[in-house]
Structures are given as C-alpha cells and as structure tokens.
Amino acid sequence: MNLTTLKYFISVASLGSITEVAKEAYVSQSAVSKTIKQLEEEIGVELFDREGRTIKLNQQGKLFYSYVSDSLNLLDRGIKAVQGSNQSPLNVLFTVTSPLISKIILRMQEVLPNISLNIHQKNSFAKDLEQFDFIISTAKIPNFNSIPITTEKLLIGAKKGILPNKDFIELKELEKYIFVGLDKKRAATNYRSIFKCSQNQTQLSISIR
C-alpha cells in the first residue's frame with residue numbers, strides 16, 4: 001500500500017468510475033483496476049460493489065474512505081506547513097482547561113502570523129518539558145521563566161454560618177476546613193497549586209469526593 005494506491009482509491013470512490021480516474025491520471029484502466037484489487041487483497045476486505053461498469057463504495061469501503069480521506073488531508077497540511085515556512089513551529093503546552101486557551105492561541109497567531117503552532121493539552125506534565133517553547137500552567141515550572149498572564153477570583157461556597165460573615169477571607173482562615181471538589185483527578189492539584197503560590201504559603205486539607 002502506498003500513496004498512489006490510496007489516491008486511486010479516493011478518486012474511484014469520488015468519481016464512481018475507473019475509466020474517468022484512468023483518464024485523469026493518464027494511465028490505463030487496467031492499471032487502476034489492478035491497483036484497487038491489490039488494495040482490497042492487502043487489507044482482506046472488498047471495498048466496492050461492482051455492477052457492470054458501475055462501481056461504488058460498500059459499507060466497509062465507506063468506513064475505509066473516511067480514514068483515508070482524513071489521513072491524506074492531514075498529510076497535505078503537513079507538506080504545506082513545512083514548505084510554507086522556514087522557521088520551526090512553536091510547541092505550546094496547556095496544562096489547564098480554560099476558556100482563555102482559544103484567546104491565547106488567537107493572540108499568538110496575530111503576533112506571529114508566519115509561524116505555525118503545535119498545541120498540546122495534558123492534565124499532567126509531560127516528562128520532557130524542554131520540548132515545549134511555552135507552557136500555560138497554574139504552577140511555576142522549574143527552569144522556565146514564569147510570567148503571570150491573568151488573574152481570577154476564587155470563590156468558596158459554604159453553608160450559612162460556617163464561614164465568617166464578610167466579603168473577603170484570607171487563606172490562613174481556611175486551615176481548619178476541608179474542601180470538596182467535583183473533579184477527583186484535577187481539582188486537588190489545581191487548588192494546591194493556587195494555595196502554594198499564595199504569599200501565605202498556607203497548607204490546606206483538600207478532600208475530593
């Protein structure tokens with residue numbers, strides 16, 4: 001199986017005619033037919049229903065077509081990317097989930113219109129952080145310069161009478177409380193990162209249920 005085979009497959013599926021594909025590719029009909037037959041033999045599945053001169057995708061063929069089409073489109077994008085820029089792409093890692101991600105990406109594209117971006121998003125840090133040019137995170141990262149890009153309010157919800165009756169509360173006043181979050185995997189990590197970065201360095205007990 002090679003690129004020519006896959007391109008013939010896509011063309012036959014799109015045009016529904018081996019004759020038309022042969023004309024466009026300036027090859028014989030027998031060459032196209034042989035290529036399609038070899039493809040079916042290689043993957044062990046018939047991809048087309050043949051009735052006389054009519055040829056059309058069957059169910060297996062339609063499924064295979066979706067994967068091949070996506071793969072060829074992705075390959076084409078990769079070729080255009082390396083041909084259109086002499087500069088290496090920037091690798092950006094997001095370790096948080098936030099509505100700001102799209103805004104940050106759009107802003108980077110505005111400032112660096114001729115540089116492609118490789119966007120990565122993970123819930124936990126990758127082992128090799130040196131592969132990334134920028135890392136958007138809630139915590140400071142060793143060997144990286146950290147620059148605050150935004151701030152947000154942290155709201156504490158509690159039953160009436162549990163917390164002091166005032167608009168603002170300091171972290172040190174929360175030491176005796178247990179916090180309950182919705183996400184077992186990420187909430188504790190995110191909250192600890194926030195509290196650790198605070199000036200008070202308050203140690204809090206966080207229970208995720």
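Quick note: numbers below take in every heavy atom, side chains included, and nothing from hydrogens, waters or symmetry partners. All figures in this text were calculated on a predicted structure; none of them were measured in a lab.
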Would V27 and Y8 count as a side-chain contact (heavy atoms from CB on, under 4.5 Å) if you check the C-alpha gap in whole Å, the side-chain angles of each, and the deciding distance to 0.1 Å? CA-CA 11 Å; V27 297; Y8 278 174; 3.6 Å; yes
Take L3 and L75, measure what side-chain contact (heavy atoms from CB on, under 4.5 Å) needs, and give me the verdict at the end. CA-CA 10 Å; L3 281 177; L75 178 61; 3.6 Å; yes
Begin with the C-alpha distance, continue with both residues' side-chain angles, and end with the deciding distance and a verdict on side-chain contact (heavy atoms from CB on, under 4.5 Å) for F134 and L93. CA-CA 6 Å; F134 296 95; L93 171 65; over 6 Å; no
Between F9 and F64, does the ring-ring contact (aromatic ring centres under 6.0 Å, His included) criterion hold? Intermediate values first, please. CA-CA 10 Å; F9 166 73; F64 188 62; 5.2 Å; yes
Please report the C-alpha distance between Q38 and T5 in whole Å, then the side-chain angles of each, then the deciding distance to 0.1 Å, and finally whether the side-chain contact (heavy atoms from CB on, under 4.5 Å) criterion is met. CA-CA 9 Å; Q38 288 176 338; T5 299; over 6 Å; no
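The neighbour count for R107 CZ, taken as heavy atoms of other residues, nucleotides or ligands under 6.0 Å away, does not exceed 12. Crowding of Q60 atom CD: a count of heavy atoms from other residues, nucleotides or ligands under 6.0 Å exceeding 12.
Hydrophobic clustering (side-chain heavy atoms under 4.5 Å, transitive across Ile, Leu, Val, Met, Phe, Trp, Tyr) keeps F48 apart from L63. Follow the hydrophobic side-chain contacts under 4.5 Å out from V92 and you never reach L106; the two are in separate clusters. Hydrophobic clustering of Ile, Leu, Val, Met, Phe, Trp and Tyr side chains at less than 4.5 Å, counting indirect connections, unites I55 with L15.
The backbone N or O of D133 lies less than 3.5 Å from no partner atom in the side chain of N91, so there is not a single donor-acceptor pair. At least one donor-acceptor pair closer than 3.5 Å links the side chain of E40 to the backbone N or O of L47. Side-chain atoms of D76 do not come within 3.5 Å of backbone N or O of L72 as any donor-acceptor pair. The backbone N or O of S66 sits nowhere less than 3.5 Å from a side-chain atom of S69 that would complete a donor-acceptor pair.
Atom NZ in K23 sits 8.0 Å away from atom CD in Q29 (nearest 0.5 Å). Atom-to-atom distance recorded for S28:OG and I18:CD1 is 10.5 Å, nearest 0.5 angstrom. To the nearest 0.5 Å, atom CG of residue L6 and atom CG of residue L39 are 6.5 Å apart. If you take OG on S14 and OH on Y65, they are separated by 3.5 Å, rounding to the nearest 0.5 Å. Between K37 atom NZ and E42 atom CD the span is 14.0 Å, to the nearest 0.5 Å.
Between K7 and E24, none of the side-chain N atoms (NZ, or NE/NH1/NH2) sits under 4.0 Å from a carboxylate O, so this pair counts as no salt bridge.
Looking at I10, I36, T35, V12 one by one, the single match for side chain to side chain contact (heavy atoms under 4.5 Å, CB included) with V21 turns out to be V12.
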